[in-house]
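Let me begin by presenting the structure, written as structure tokens, before commenting on it.
The figures here come from the full heavy-atom set of this structure, side chains too, leaving out hydrogens, waters and symmetry mates. Labels below follow one simple rule: chain letters A, B, ... track the order of the sequence lines, proteins then strands, and each chain is numbered from 1. Treat the numbers as computed from the prediction; the structure is a model and nothing was measured.
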Number of protein chains: 2
Amino acid sequence: MKTEPPHPPKGRPRAFDTDVALGRALELFWRQGYEGTSLSDLTAAMGINRPSLYAAFGNKEQLFRLALNRYLRGPAACLGEALREPTARKVAERMLRGVVGQMSDPKLPKGCLVVQAALSSGTEADPIREALAAHRNEARNALRRRFEEAIAGGDLPKGTDATSLAGYLMAVIHGLAVQSASGMSPRELQAIAELAIQHWPA
Amino acid sequence: MKTEPPHPPKGRPRAFDTDVALGRALELFWRQGYEGTSLSDLTAAMGINRPSLYAAFGNKEQLFRLALNRYLRGPAACLGEALREPTARKVAERMLRGVVGQMSDPKLPKGCLVVQAALSSGTEADPIREALAAHRNEARNALRRRFEEAIAGGDLPKGTDATSLAGYLMAVIHGLAVQSASGMSPRELQAIAELAIQHWPA
DNA sequence: CCGTTTTCATACTGTTCGGTAAAATAATGC
DNA sequence: GCATTATTTTACCGAACAGTATGAAAACGG
């Protein structure tokens, strides 16, 4: 995973930094969704020409997948980290406060890339939608497994349905993303999150 | 609000039923969002030609607004009716079970038109987004007022924050819409709704 | 029958979409 | 310098987009 090749490559060197260009692409996709972002938008924001984009990133869909990857390892990493909290309640608290915290950063786009791009649905974006649905499914499964542990460990009531509880927490998070994208203020988002935490079982 | 004019109009009679055509348009917008639905999609599903659509409905944006109106008075009417339940808990129960019930109808598109179209965001759809955000705001205000009544009436704890509680319920509903649109099964949606009901304050 | 009115069907407008062909340019090893 | 390799630039491609001009067709009152 080194980005620094040991010997300089043979041909003409690239005149832009692929990392910062990918960051610009992520911000645009995040703000406008997959279909809402045109190649002209992308090349303008990334400061490169169209063929350079294709040479470096393949095509629009692959560029989106790369941006999604960076999003999941970057801004959305707090969700995965939250799984390592010691109790189910702390997992939920950290997730809810994490997403609210991120959505409160004025330098970042509002809402959530995964939700944002999932619902824009021309027939052309179908593979993207499937990929995002698969990711959400995976995230929910990880959360369910963590809650099963919690039930076994005793920090959730014995009769709890881990699957439903995971779905519920995901639903609240997605709901927060929708409202954030719709312009709800950070303090209101936080109040909602605190309310969800307050009603958490156990 | 009569749809039957007393005297037959002068010119050539319309060869299609504007009501059923609008229904087809609603279904398409609901399934694919605003930007994801092209005029060719619309005319094909409505069984009419392009100029007929423009003559009868104005343009794409106005057609969407008409479809939205029909959606709010039809499939989404249960949300407004729920406000008339006697207690805050029953309001929440009816809303949550109502949206799940609607999303479980296999003949209807998944998800929620208001959420679906709200996040598809090319610059062109901005007025649509604003209209939808305004509607969601209005809905949340109605819910807040209902909860304030409930607090005054004693069926919600005295210290409850009506605004946050309304936002929380809207968030859960929007989250359910996202997951429904992503292919979650009706039984899972129902389990999530029941869980939210179970954790309702008071 | 005729003139009027409105809707119908066909064909088209200019623009934007994602993607690419081709030549100029800048670095390499020799 | 020279061939090679990869990236840059400019210009373009066919398809799809929202919206429309035009004339034929179908109802009416007379």
Quick one: which of C:dC8, D:dT5, D:dA18 gets closest to the side chain of B:Ser38?
D:dA18
Taking only side-chain nitrogens and oxygens of B:Ser52, does any of them come within less than 4.0 Å of OP1 or OP2 of C:dC8?
yes
Tell me: CZ of A:Phe16 to C1' of C:dA26, nearest whole Å?
15 Å
Here the distance between atom C1' of D:dC17 and atom CD of B:Glu124, to the nearest Å, is 9 Å
Euclidean distance, atom CG of residue A:Leu42 to atom P of C:dG19 [Å, nearest integer]
11 Å
Per-nucleotide protein contact along nucleotides 19-26 of chain D, 5' to 3', at a 4.0 Å heavy-atom cut-off (B base, S sugar-phosphate only, - neither), is BBB---BB
Whole-Å distance, B:Phe64 CZ to D:dA18 C1', equals 16 Å
Using the salt bridge (charged side-chain N to carboxylate O under 4.0 Å, His left out) rule, collect all pairs that involve residues 191-202 of chain A, keeping only residues at least two apart or in two chains.
A:Arg97-A:Glu194
Who pairs with B:Arg73 by side-chain hydrogen bond (donor to acceptor under 3.5 Å, both in side chains), at least two apart in sequence or on another chain?
B:Asn69
Length of the CD-P vector between B:Glu35 and D:dC17, whole Å:
12 Å
Any base atoms under 4.0 Å from B:Ala15, or only sugar-phosphate, or nothing? Heavy atoms, all strands.
sugar-phosphate
Taking salt bridge (Lys or Arg N to Asp or Glu O under 4.0 Å) as the definition, give me every residue that meets it alongside B:Glu124, ordered by chain and number, with sequence neighbours left out.
none
Salt bridge present between A:Glu27 and A:Arg31 (N-O < 4.0 angstrom)
yes
Which atom pairs, one a donor and one an acceptor, fall under 3.5 Å between side chains of residues 195-202 of chain B and the rest of the protein, sequence neighbours left out?
from     : atom 1 : to       : atom 2 : distance (Å)
B:His199 : ND1    : B:Leu195 : O      : 3.4

With heavy atoms under 4.0 Å as the rule, sort B:Thr37 into base, sugar-phosphate or nothing.
sugar-phosphate
Kindly write out the residues that satisfy side-chain hydrogen bond (donor to acceptor under 3.5 Å, both in side chains) with B:Ser38, not counting sequence neighbours, or none if the list is empty.
B:Asp41
Atom CE of B:Met46 and atom P of C:dA9 are separated, to the nearest Å, by 14 Å
Could you tell me how far apart B:Leu53 (CG) and C:dC8 (P) are, to the nearest whole angstrom?
11 Å
For B:Phe29, does the six-membered ring have the charged nitrogen or CZ of B:Lys60 within the cation-pi criterion, i.e. under 6.0 angstrom from the centroid and within 45° of the normal?
no
Whole-Å distance, A:Tyr34 OH to C:dG18 P, equals 8 Å
